[in-house]
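Positions are given from 1 along the sequence.
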Amino acid sequence: MTDIKELLLSRIRDVADYPEPGVMFKDITPLLADPAAFTVLTDALAEIVGRAGATKIVGLEARGFILGAPVAVRAGVGFIPVRKAGKLPGATLSQAYDLEYGSAEIEVHAEDLSAADRVLVIDDVLATGGTAEASVQLIRRAGAEVAGLAVLMELGFLGGRARLEPALSGAPLEALLTV
């Protein structure tokens with residue numbers, strides 16, 4: 001696992017003062033551009049799907065789509081996008097949540113999830129945990145079981161894990177990297 005972590009870390013670029021001064025943005029585009037590193041990441045996340053016994057993956061907009069879709073294919077499970085409000089056609093379930101400065105809302109097609117589903121949420125980064133927490137609430141409101149949450153990278157200093165663990169109710173939270 002150390003070799004995997006070293007490979008993944010070596011392909012994540014720090015971008016200072018983005019999107020605003022004082023923020024060190026973790027850019028995963030070099031990792032995505034490297035087919036060997038992207039394959040290692042996809043395989044590692046697919047292993048988590050298997051351990052969690054997930055039947056579906058929810059990917060969070062937008063980088064959760066990029067990571068979650070190939071993992072779903074590799075693991076042989078369905079992929080469900082959770083989008084920002086107003087982006088999905090037809091009937092949706094929505095969940096509002098608070099941000100540092102304001103609020104936001106996410107949506108899912110409720111018919112894509114059922115009581116028979118165990119859902120693993122996948123995203124690139126766990127920061128404060130607001131979007132992930134809202135997705136967990138949304139999955140449960142759709143009648144499915146939350147199998148856990150997996151991310152490429154956890155920004156430990158932002159406290160997202162502490163916020164999410166009560167919402168996960170014992171379901172695992174796995175980060176391949178913690179910075």
Original post:
Between Ile57 and Val71, does a side chain to side chain contact (heavy atoms under 4.5 Å, CB included) hold up when you go through it step by step?
Top reply: CA-CA 8 Å; Ile57 290 173; Val71 171; 3.5 Å; yes
**OP:** Side-chain contact test, heavy atoms from C-beta onward, threshold under 4.5 Å: evaluate it for Lys56 versus Arg118 and give yes or no.
**Re:** no
Original post:
Are Ile28 and Leu158 grouped together when hydrophobic residues (ILVMFWY) are joined by side-chain heavy atoms under 4.5 angstrom apart?
Top reply: yes
Subject >> Side-chain heavy-atom pair Asp123, Leu67 within 4.5 angstrom cut-off >> reply: no
Subject >> Nearest non-hydrogen partners of Pro172 and Ala147, listed with the distance >> reply: CD-O, 3.2 Å
Subject >> From CD1 (Ile80) to OG (Ser135), nearest 0.5 Å >> reply: 13.0 Å
Original post:
Does Leu9 belong to the same Ile/Leu/Val/Met/Phe/Trp/Tyr cluster as Met153, with side-chain heavy atoms less than 4.5 Å apart forming each link?
Top reply: yes
**OP:** Would you mind reporting whether Leu60 and Ile122 have side-chain heavy atoms less than 4.5 Å apart?
**Re:** no
**OP:** Could you grab the distance from atom CG of Leu176 to atom CG of Asp124, nearest 0.5 Å is fine?
**Re:** 11.5 Å
Original post:
If you look at every heavy atom in Leu120 and Ala54, which pair is closest and at what distance?
Top reply: CB-CB, 3.9 Å
**OP:** Applying side chain to side chain donor-acceptor pair (under 3.5 Å), run through Asp117 and Thr55 and close with a yes or a no.
**Re:** CA-CA 6 Å; Asp117 288 317; Thr55 61; 3.1 Å; yes
Subject >> Sub-4.5 Å side-chain heavy-atom contact between Phe38 and Asp34 >> reply: no
Original post:
Are any side-chain N or O atoms of His109 and backbone N or O atoms of Leu93, one a donor and one an acceptor, separated by less than 3.5 Å?
Top reply: no
Original post:
Given the rule in the side chain to side chain contact (heavy atoms under 4.5 Å, CB included) test, do Glu174 and Arg51 qualify, once you have shown the distances and angles that lead to the verdict?
Top reply: CA-CA 11 Å; Glu174 295 196 48; Arg51 284 197 307 269; 2.5 Å; yes
**OP:** Would you indicate whether the side-chain heavy atoms of Arg161 and Leu164 approach each other to under 4.5 Å?
**Re:** no
**OP:** Run through Val119, Val58, Leu168 and flag the one making a side-chain contact (heavy atoms from CB on, under 4.5 Å) with Val146.
**Re:** Leu168
Original post:
Checking side chain to side chain contact (heavy atoms under 4.5 Å, CB included) for the pair Val151/Val125: CA distance, chi angles, key distance, verdict?
Top reply: CA-CA 6 Å; Val151 295; Val125 173; over 6 Å; no
Original post:
Rest of the hydrophobic cluster containing Leu88 (Ile/Leu/Val/Met/Phe/Trp/Tyr, side-chain heavy atoms under 4.5 Å)?
Top reply: none
**OP:** Assess the side chains of Thr131 and Tyr97: does a donor N or O sit below 3.5 Å from an acceptor N or O?
**Re:** yes
Subject >> Approximate separation, where rounding is to 0.5 Å, of Ile106 CD1 and Gln137 CD >> reply: 8.5 Å
Subject >> Single hit among Thr178, Leu155, Leu173 for side-chain contact (heavy atoms from CB on, under 4.5 Å) with Leu126 >> reply: Leu173
Original post:
Around atom CZ of Phe25, are there more than 12 heavy atoms of other residues, nucleotides or ligands at under 6.0 Å?
Top reply: yes
Subject >> Leu177 side, atom CG; Lys26 side, atom NZ - distance, nearest 0.5 Å >> reply: 10.0 Å
Subject >> Connected via hydrophobic side-chain network under 4.5 Å: Tyr18 and Ile12 >> reply: no
**OP:** Please name the pair of heavy atoms, one in Asp98 and one in Ser103, separated by the smallest distance, quoted to 0.1 Å.
**Re:** OD1-CB, 4.0 Å
**OP:** Go through Glu105 and Ser94 one step at a time and tell me if the side chain to side chain donor-acceptor pair (under 3.5 Å) criterion holds.
**Re:** CA-CA 7 Å; Glu105 194 170 357; Ser94 64; 2.8 Å; yes
Subject >> Separation between CD1 of Ile66 and CG of Leu31, rounded to the nearest 0.5 Å >> reply: 11.0 Å
Original post:
Is the side chain of Arg163 donor-acceptor paired with the backbone N or O of Glu133 at a distance under 3.5 Å, no angle test?
Top reply: no
**OP:** State, to 0.1 Å, how close Ala91 and Glu111 come at their nearest heavy-atom pair, and which atoms those are.
**Re:** O-OE1, 3.9 Å
Original post:
Stepwise, does the side chain to side chain contact (heavy atoms under 4.5 Å, CB included) test hold for Lys5 with Ser10?
Top reply: CA-CA 8 Å; Lys5 288 181 180 186; Ser10 75; over 6 Å; no
**OP:** Find the distance between CG (Asp27) and CZ (Arg13) and round it off to the nearest 0.5 Å.
**Re:** 4.0 Å
Original post:
With hydrophobic residues grouped by side-chain heavy-atom distances under 4.5 Å, do Leu45 and Val73 end up in a single group?
Top reply: no
**OP:** Please report the closest heavy-atom contact between Ala72 and Phe79, naming both atoms and the distance.
**Re:** CB-CB, 3.8 Å
**OP:** Would you name the heavy atoms of Val179 and Phe157 that are closest together and state the gap between them?
**Re:** O-CD2, 4.0 Å
Subject >> Ion pair check, Glu61 and Arg83, cut-off under 4.0 Å >> reply: yes
